[in-house]
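Each remark here refers to the structure printed beneath this line.
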Amino acid sequence: MASESHAADNSDSVASSLAGTDIANLFGIIDRDKVHGLNLSVPEDAKAIIKPWNERDDNSKFADSGVDDQMIIHVPFTQNVRIKSIILKLGRGEVTPRHLRIYANHPTIVDFANAETTNPQLDISLLEGETSVVEYPLRVAAFASITSLSLFFSESVGEETSRIYYIGFKGDMTSPRKEGNSKLEVPAQTGVDAPLVDKVTEKTGGQQTTAR
C-alpha cells in the first residue's frame with residue numbers, strides 16, 4: 001500500500017489547471033448501469049455522480065453518505081482499461097471527505113468489513129475547500145489492467161456526512177469493447193493532454209507519492 005497526499009495550499013492552482021479543459025476521459029467505458037454504492041442516503045445516487053465531463057460542475061446531482069460519513073462507490077468498466085488519474089468534485093465544508101482508499105479489481109468487497117480487511121492499491125488524502133474538479137494522478141503501473149474500482153470515501157470534515165458531486169477517470173482502453181461498438185473512441189494521451197498531466201503532477205509532485 002502506498003500513500004498520496006496533496007496540501008490544501010495547492011488547491012487553487014490544481015483546480016485552475018483543469019477548469020474549462022476538455023480532457024479525454026473514460027466515461028464511455030464505465031458500465032454505468034452496474035455502478036452502485038454502499039451507505040448512501042439514496043442508493044440510486046451512485047449512478048448520478050458518474051457524469052460526462054461537460055456536466056462535471058452540475059451541483060444538482062450528488063451522492064450523500066447515509067448513517068455516517070463513510071461510503072463506497074463500485075465502478076465497473078465494460079472492458080479492461082488503464083487508468084492514469086481519478087478526477088473528483090467533492091462536497092464543501094462539513095461534508096468534504098478527506099480520505100479515499102481505492103481498491104482495484106476487488107468485486108468481493110461487498111461491505112465495509114471487507115474493505116477494512118483488504119489492502120487498497122492506493123490511499124489518498126483529499127484536498128479540502130475546492131469549488132471545481134481536482135485530478136489525482138495515479139501510478140499507471142498499478143492500474144494497468146482494470147475491470148472495476150471500489151472507492152472508499154471517509155473522514156468528512158464534520159464527521160457525519162460525506163458528499164460527492166463528480167467521479168471521473170482519465171486513461172485508455174487496453175482491449176476491444178465486448179460489444180464491438182466502432183463509434184466509440186477514447187484516445188490515448190496526446191501531445192495536447194500531456195502538458196496538463198505534467199502541470200498537475202509538477203504542482204503537486206512535491207507532496208504526493210503515487211501507488212507502486
Side-chain angles (χ1 to χ4, degrees), residues 1-15 18-19 25 30 35-51 55-75 83 85-104 106 109-138 143 148-170 200 204 207-211:
M1 180 177 69
S3 63
E4 179 174 338
S5 62
H6 300 257
D9 58 2
N10 282 328
S11 60
D12 291 341
S13 58
V14 175
L18 280 168
N25 63 65
I30 296 172
V35 171
H36 64 281
L38 299 177
N39 190 39
L40 300 186
S41 60
V42 180
E44 294 77 12
D45 286 344
K47 296 179 176 64
I49 58 178
I50 306 297
K51 308 172 186 177
E55 296 179 15
R56 65 196 181 279
D57 289 324
D58 178 5
N59 290 347
S60 66
K61 300 176 183 179
F62 56 86
D64 279 349
S65 60
V67 299
D68 56 26
D69 62 355
Q70 296 185 333
M71 72 166 83
I72 296 177
I73 306 293
H74 294 286
V75 183
I83 300 179
S85 60
I86 181 171
I87 305 168
L88 301 172
K89 182 175 181 180
L90 308 175
R92 297 190 66 193
E94 297 288 291
V95 296
T96 304
R98 294 178 290 186
H99 191 200
L100 169 62
R101 280 171 275 184
I102 303 178
Y103 304 86
H106 278 289
I109 294 180
V110 295
D111 58 33
F112 290 93
N114 294 142
E116 293 289 0
T117 57
T118 302
N119 288 331
Q121 269 64 34
L122 192 61
D123 198 315
I124 302 175
S125 294
L126 300 171
L127 287 171
E128 299 178 40
E130 287 300 320
T131 59
S132 188
V133 297
V134 174
E135 181 178 24
Y136 296 86
L138 308 180
F143 296 88
S148 68
L149 290 179
S150 298
L151 310 177
F152 183 178
F153 296 92
S154 61
E155 299 180 16
S156 70
V157 173
E159 300 182 350
E160 293 184 0
T161 302
S162 291
R163 176 173 293 179
I164 311 295
Y165 287 105
Y166 174 85
I167 296 175
F169 306 94
K170 188 175 181 181
V200 175
T204 62
Q207 300 157 50
Q208 72 176 27
T209 302
T210 49

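Quick caveat, the model's predicted, so the values are computed rather than measured.
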(Q) Ignoring hydrogens, what is the shortest heavy-atom contact between V95 and S156? Give both atom names and the distance. (A) C-CB, 4.4 Å
Q. Applying the side-chain contact (heavy atoms from CB on, under 4.5 Å) test to L100, which of L90, L126, D123 qualifies?
A. L126
Q. Looking only at heavy atoms, what is the nearest atom pair of G91 and Y165, with distance?
A. CA-CE1, 3.7 Å
Q: Just do the side chain to side chain contact (heavy atoms under 4.5 Å, CB included) check on I102 and Y136 with the steps written out, would you?
A: CA-CA 12 Å; I102 303 178; Y136 296 86; over 6 Å; no
Q) Do L40 and I73 come within less than 4.5 Å of each other through their side chains, counting heavy atoms only? A) yes
**Q.** For the student: nearest non-hydrogen atoms of S132 and D57, plus distance
**A.** OG-OD1, 3.5 Å
Q.
If you compare all heavy atoms of I49 against all heavy atoms of I164, which two are closest, and at what distance to 0.1 Å?
A. CG2-O, 3.2 Å
Q: To the nearest 0.5 Å, tell me how far I50 CD1 sits from F169 CZ.
A: 6.0 Å
Q: For side chain to side chain contact (heavy atoms under 4.5 Å, CB included), just list the numbers for I167 and L88, CA-CA rounded to whole Å, side-chain angles, deciding distance to a tenth of an Å, and then say yes or no.
A: CA-CA 5 Å; I167 296 175; L88 301 172; 3.9 Å; yes
(Q) Are L122 and I86 packed together at the side-chain level, in the sense that at least one heavy-atom pair is separated by less than 4.5 angstrom? (A) no
Q. What's the spacing between L138 CG and I124 CD1 if we round to 0.5 Å?
A. 6.0 Å
**Q.** Minimum heavy-atom distance N119-H106, with the two atoms named
**A.** O-NE2, 4.5 Å
**Q.** Counterpart residues, salt bridge (charged side-chain N to carboxylate O under 4.0 Å, His left out), relative to D64 (two or more places apart)
**A.** R163
Q: Could you give me the CA-CA distance, side-chain angles and deciding distance for L38 and Q70, then say whether side chain to side chain contact (heavy atoms under 4.5 Å, CB included) is met?
A: CA-CA 9 Å; L38 299 177; Q70 296 185 333; over 6 Å; no
Q: List the steps and the verdict of side chain to side chain contact (heavy atoms under 4.5 Å, CB included) for N114 and Y103.
A: CA-CA 11 Å; N114 294 142; Y103 304 86; over 6 Å; no
Q: List in chain and number order the residues that pass salt bridge (charged side-chain N to carboxylate O under 4.0 Å, His left out) with E116, two or more places apart in sequence or in another chain; answer none if no residue qualifies.
A: R101
Q. Got a donor-acceptor contact below 3.5 angstrom from the T96 side chain to the G93 backbone?
A. yes
Q. Mind checking whether T161 and S65 have side chains closer than 4.5 Å, heavy atoms only?
A. yes
Q: Kindly say whether V67 contributes a backbone atom to a donor-acceptor pair with the side chain of N39 at under 3.5 angstrom?
A: yes
Q. Within 45° of the ring axis of Y166 and under 6.0 Å from its six-membered ring centre, is that where the NZ or CZ of K51 lies?
A. no
(Q) Could you tell me if the side chain of E130 sits less than 4.5 Å from the side chain of K89, heavy atoms only? (A) no
Q: Considering non-hydrogen atoms only, spot the tightest contact between R92 and T131 and give its length.
A: NH1-CG2, 3.1 Å
**Q.** Pairs touching residues 150-161 that satisfy salt bridge (charged side-chain N to carboxylate O under 4.0 Å, His left out), sequence neighbours left out
**A.** none
